[in-house]
Amino acid sequence: MAPPTLAQKDKKLFADLLSQYENRQLTKGRKTADQILKKYPEHGETMCMKGLILVHLGQRDEGINLVKEGMRKDLSSHICWHVWALIQKSEHKYEDALKSYIQALKFDKDNFNILRDTAVLQTQTRQFEGLVETRHNLLRLRPYNRQHWVGLAVAYQLNGNLAEAKQVLEYTEGFLRNVGSYDVEFSELLMYHIRILEDMGDFQSAVDMLESHDRTKGGSVLDRMAGMEVKARLLAKLKESNADDEQKTAWTERADAAWRWLLSQNGDGYEYYKGFLTNQGIDLANVTDENREKALEMLRGYFDVQFATAPRRLALHVATGQEFKDLIKPYLTNALTKGIPSLFADLKPLYRDPAKRQIIEDTVEEFRATLAISSPSTGDSVEPTTYLWALYLLAQHHSYLGRHKQALEILDVAIAHTPTLPELYMTRARALKRAGDPHGAARAMNDARLLDGQDRFINTKTGKYLLRAGMVNEADTIFSKFTRGGSPVTADLEEMQAMHYLVEQGDSYRRAGKLNLALKKYYVIQKVFESFREDQYEFHQYSVRKTILNVYTESELMLKWEDNVRSHPGFIHAAVATVQIWVALYDDATLGPNLETTASDVSSKKAINKAKKAARKGQPEADGANSKKGESTRRSVTFALSSLRNRILSAATATQSEDRGLEPPRLRDDDPEGLKLVLAEDPLERADKYLTGLSELVPQNMDICFAIYDVAIRQKKYLQAVRMLTRAHSLDSEHPDLHSRIAHLRNTVSSLPEPIPAPVGPVLAESIASLLPAEVSLELFNSQYLQKHSSSPMAIVAHAKVAQILKAPQDEVDSILFTVLKEPVQLDHEAAFAVLSYLKEMKSPRAEEFRIACNDRFELSTLFRSDEEIAALQRSFTESGESPADGEALETVI
């Protein structure tokens, strides 16, 4: 049935309805829509507009249902499709919204608003071929608007057609000749044009254009530093192109002049020094004996530049032997005298060379010995702080190299010398963490925090260390000092997308066996990265309108960063942990219900404790009267500030319209404990969904390969499983986890009741044979691996896992694992803890025996204490008077 046609008077009413919506006169618009629908109840466009207004007014479900009904009444209306696209876009369904916009354009191809939104969505979804066509249509409709010419050039570049982008830019610059003398947008457009020429390989034209627009010659490129950086880079590329020696010499001299000018503007620019040396044929990453002296000579020429440390630091990288000794001593003396806390972080890259590492240690030890005996009576002018910073550097040095006892002894001396320096306690915390004592590390970091309660960095580190020690409530107390009052700490930090908190808390819950809460945190991390993708939407139009093109399109910047954002280590860590939890829930169907029972018991205990605490609050305590009075005053002030903030916010929003926007409201979490989540019936499908696209995004990540394998082998996707192991084998063929999984794959496939038919079966067999030849038995494969890696504790764990796959008796598997305690196995506390975790996972009767042996072996570590001892450590921290509630914190009024 054809949609009803409005009378002329009603058409004017519908035009008023559109105008009222655009001006956000929503109540009037709703009345106008009702007026039209009263006369034309089947008018689809009006139904859609009314539905859209209802969504804005907060009646989302009713509004969406009305829009759907209106679309069914009139599928040939661009207004109906446009309304539906707006709703889909508000729900971040960008691919679906784009389809609706394209459908709307079929009925109104010259609608400017629809074309503009289509272009943005095509950029968001990276459909660049369609973007070129859309930008052409926008330019056809508004040919005198500069941003549409720029948008077309960007579309061509993103689609890989640089020649067309260049042509559009040349034409654009042609009719923009008479621009102002200080037009920043035109300057950015010129730099973008130059980069297009560079990407095309036309370096000479790029240099000529850059020089013709030089600011010093009256040109329009305003950023001299950026222009000179590009010029130096282009001249270097020209030198590498096919040219005669005379041209190369000329380009080398011009590039040399450009780099020298840049260094005169910024004598600490590391990249400038690297470019300067590269121009002379010296690669700082691969300095040879032939060019080492020349590199040092060039760097020495900048030693006298005031406040510049970069040339001296780069010289340390280049120098070797006696030359390095001669350079490191004044460098260390200067830094220790000034008291630079980041000195060790600056020197750490030099530790890749064992000889340089030893020279640094000997030099600092010499300083320490000299400074320790110096005193005012001998006429020495050395400041006491120089000795302190020497101790600080030496402690970091030994801690980094795993000499934890030495590091702690030196820190004891330093703290006795100056007990008020927070950096000493922070270094002590780091040393204890590396030694396997998370509880001592948390205590030491809290000691640092108590010395400077307003330092957000130290407070954050304390919170992280407390989470690693399993003290979640104490950590939340720390984090609450810098969150909004009146809202839960967890909710506030999730809203602020505090990745350090989310990752650490998820890991803390996982270590405690609270897989339900751990999963909740890991899924919050997934939402954070989804919001990163959504946040870029507004920048597509903004960057073109404001001509912010180089940052927007350049490699490794905005668009590329957005495309690769899920390769962030935080997301990868959360993805792997999530998959491991889902796999554990799949393998043990009783795990989820047990978590639910445990959580119910904990909730009951919490309710009882809360009731007891409320009862205690009702009893006055004479000795705490003063503290209660102070607490009452503080709460009164906080309440007054909160009330003032609420009044200000109410006044600010009083004049706002009733518009609640198109964004769907945040749904209330009906599963805050994650108990329904862990009872999901599709754990493997959920794990697979989290991993979507990661194998292509981070193909060099072993953990992702293993995670995908663990899911695929259980889903009986054998080709995908063997493909992941083949990729992992190409990265590290001797990895312990790869060894156990190869054996697991071979054993799983060979144990199938029926062989896999062609074409999958032969391909799978061939792929497995490339990892483990068919003539080699699993027993031989396992024994050969152990012989090859007999001193590696993780290789012994992998050997034990394969033995378990081969149905070895429990006693035999336990005996294999206990060999890590013998010589010549190089066992550290992390590997020992992994062995203990595996013994507990197998429910081995010898797990306690192994724990006691490791507890005796690793004196500094608390990882191998009994549950009672760990609980006592946590209680002692809370009851020691060093509670996270102590210390002065920065108050933030929002």
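All values reported here derive from a predicted model rather than from experimental measurement.
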Item to complete: Test Arg875 against Glu868 for salt bridge (charged side-chain N to carboxylate O under 4.0 Å, His left out), laying out the working first.
Response: CA-CA 10 Å; Arg875 285 196 305 271; Glu868 294 78 12; over 6 Å; no
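- The existence of a salt bridge linking Lys89 and Asp96 is excluded, since no basic side-chain nitrogen approaches an acidic carboxylate oxygen closer than 4.0 Å.
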Worksheet item: Yes or no on side-chain contact (heavy atoms from CB on, under 4.5 Å) for Leu677 and Trp582, after CA distance, side-chain angles and deciding distance?
Response: CA-CA 10 Å; Leu677 185 62; Trp582 281 125; 4.0 Å; yes
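- Nearest heavy atoms, Gly51 versus Leu66: N-CD2, 3.7 Å.
- For the atom pair CG of Leu26 and OH of Tyr21, the computed distance is 8.0 Å after rounding to the nearest 0.5 Å.
- In this structure, Arg511 fails the cation-pi test against Tyr509, since its NZ or CZ atom is not both closer than 6.0 Å to the six-membered ring centre and inside 45 degrees of the ring normal.
- Between His568 and Phe529, the ring center distance clears the sub-6.0 Å criterion.
- Note on Glu673 versus Lys520: no salt bridge recorded, every NZ/NE/NH1/NH2 to OD/OE distance being 4.0 Å or above.
- Side-chain atoms of His829 and Ser861 form no donor-acceptor pair, as typed in the model, at a separation below 3.5 Å.
- Annotation: His92 is not in aromatic contact with Tyr537 [ring centroid separation under 6.0 Å not met].
- Within the 4.5 Å cutoff, the side chain of Val544 has no heavy atoms near those of the His540 side chain.
- Summarising the geometry, atom NZ belonging to Lys481 is positioned 7.0 Å from atom CG belonging to Asn459; distances are rounded to the nearest 0.5 Å.
- Judged by distance alone, the side chain of Asn446 and the main-chain N or O of Thr462 form no donor-acceptor pair under 3.5 Å.
- Salt-bridge check for Arg434 with Glu830: failed, with every basic side-chain N at 4.0 Å or more from each acidic carboxylate O.
- No side-chain heavy atom of Ser508 sits less than 4.5 Å from a side-chain heavy atom of Arg468.
- No more than 12 heavy atoms of other residues, nucleotides or ligands shown are found within 6.0 angstrom of CZ on Phe539.
- Side-chain contact between Ile478 and Glu474: absent, with no pair of heavy atoms (C-beta onward) separated by less than 4.5 Å.
- Remark: the backbone N or O of Pro488 is not paired with any side-chain donor or acceptor of Asp492 at under 3.5 angstrom.
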Report, one line per pair, each donor and acceptor closer than 3.5 Å where one atom sits in a side chain of residues 682-690; sequence neighbours left out.
{"residue": "Asp682", "atom": "OD1", "partner": "Arg686", "partner atom": "NE", "Å": "2.9"}
{"residue": "Tyr690", "atom": "OH", "partner": "Tyr522", "partner atom": "O", "Å": "2.7"}

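- Using a 4.5 Å heavy-atom cutoff, the side chains of Pro438 and Leu863 are in contact.
- Here Asp117 contributes atom CG and Gln541 contributes atom CD; the two are 8.5 Å apart, rounded to the nearest 0.5 Å.
- Using a 4.5 Å cut-off on side-chain heavy atoms (C-beta onward), Arg727 and Ser695 make contact.
- Distance alone, capped at 3.5 Å, is enough to place a donor-acceptor pair between the Gln124 side chain and the Arg533 backbone.
- Ion pairing of Asp507 with Lys521 is absent here, as no side-chain N (NZ or NE/NH1/NH2) approaches a carboxylate O to less than 4.0 Å.
- Atom CG of Leu585 is separated from atom CG of Leu679 by 8.5 Å, given to the nearest 0.5 angstrom.
- The shortest distance between side-chain heavy atoms of Leu131 and Arg126 does not fall below 4.5 Å.
- Under the 4.5 Å side-chain criterion, counting only non-hydrogen atoms from C-beta, Gln505 is not in contact with Arg510.
- Here the closest heavy-atom approach between residue Ala448 and residue Ile458 is recorded as C-CG2, 3.9 Å.
- Note on Asp587 versus Arg714: salt bridge recorded, some NZ/NE/NH1/NH2 to OD/OE distance being below 4.0 Å.
- Between the NE2 atom in His56 and the CG atom in Leu52 there is a gap of 4.5 Å [rounded to 0.5 Å].
- Listed for the Asp588 side chain is no donor-acceptor partner under 3.5 Å among the backbone atoms of Ala584.
- Between the Asn516 side chain and the Leu675 main chain, no donor and acceptor come within less than 3.5 Å of each other.
- The aromatic rings of Phe479 and Tyr501 sit perpendicular, their planes meeting at an angle over 60°, well past the 30° parallel limit.
- Judged purely by atom type and a 3.5 angstrom limit, Glu91 has no side-chain atom pairing as donor or acceptor with the backbone of Gln88.
- A donor-acceptor pair is defined here as one N or O able to donate and one able to accept, closer than 3.5 Å; no such pair exists between the side chain of Glu562 and the backbone of Leu559.
- In this structure a side-chain-to-backbone donor-acceptor pair under 3.5 Å is present from Asp671 to Lys676.
- With hydrogens and angles disregarded, a donor-acceptor distance shorter than 3.5 Å links the side chain of Ser90 to the backbone of Ile87.
- Side-chain atoms of Gln526 do not come within 3.5 Å of backbone N or O of Ala574 as any donor-acceptor pair.
- Residues Val503 and His573 meet the side-chain proximity criterion, which asks for heavy atoms closer than 4.5 Å.
- Taken from CD in Gln396 to CZ in Phe344, the straight-line distance is 6.0 Å, to the nearest 0.5 Å.
- Comment: Glu530 does not engage Arg566 in a salt bridge, judged by the lack of any side-chain N to carboxylate O separation of less than 4.0 angstrom.
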Worksheet item: Is there a side-chain contact (heavy atoms from CB on, under 4.5 Å) between Leu595 and Leu515 once you walk through the steps?
Response: CA-CA 8 Å; Leu595 288 170; Leu515 303 184; 3.8 Å; yes
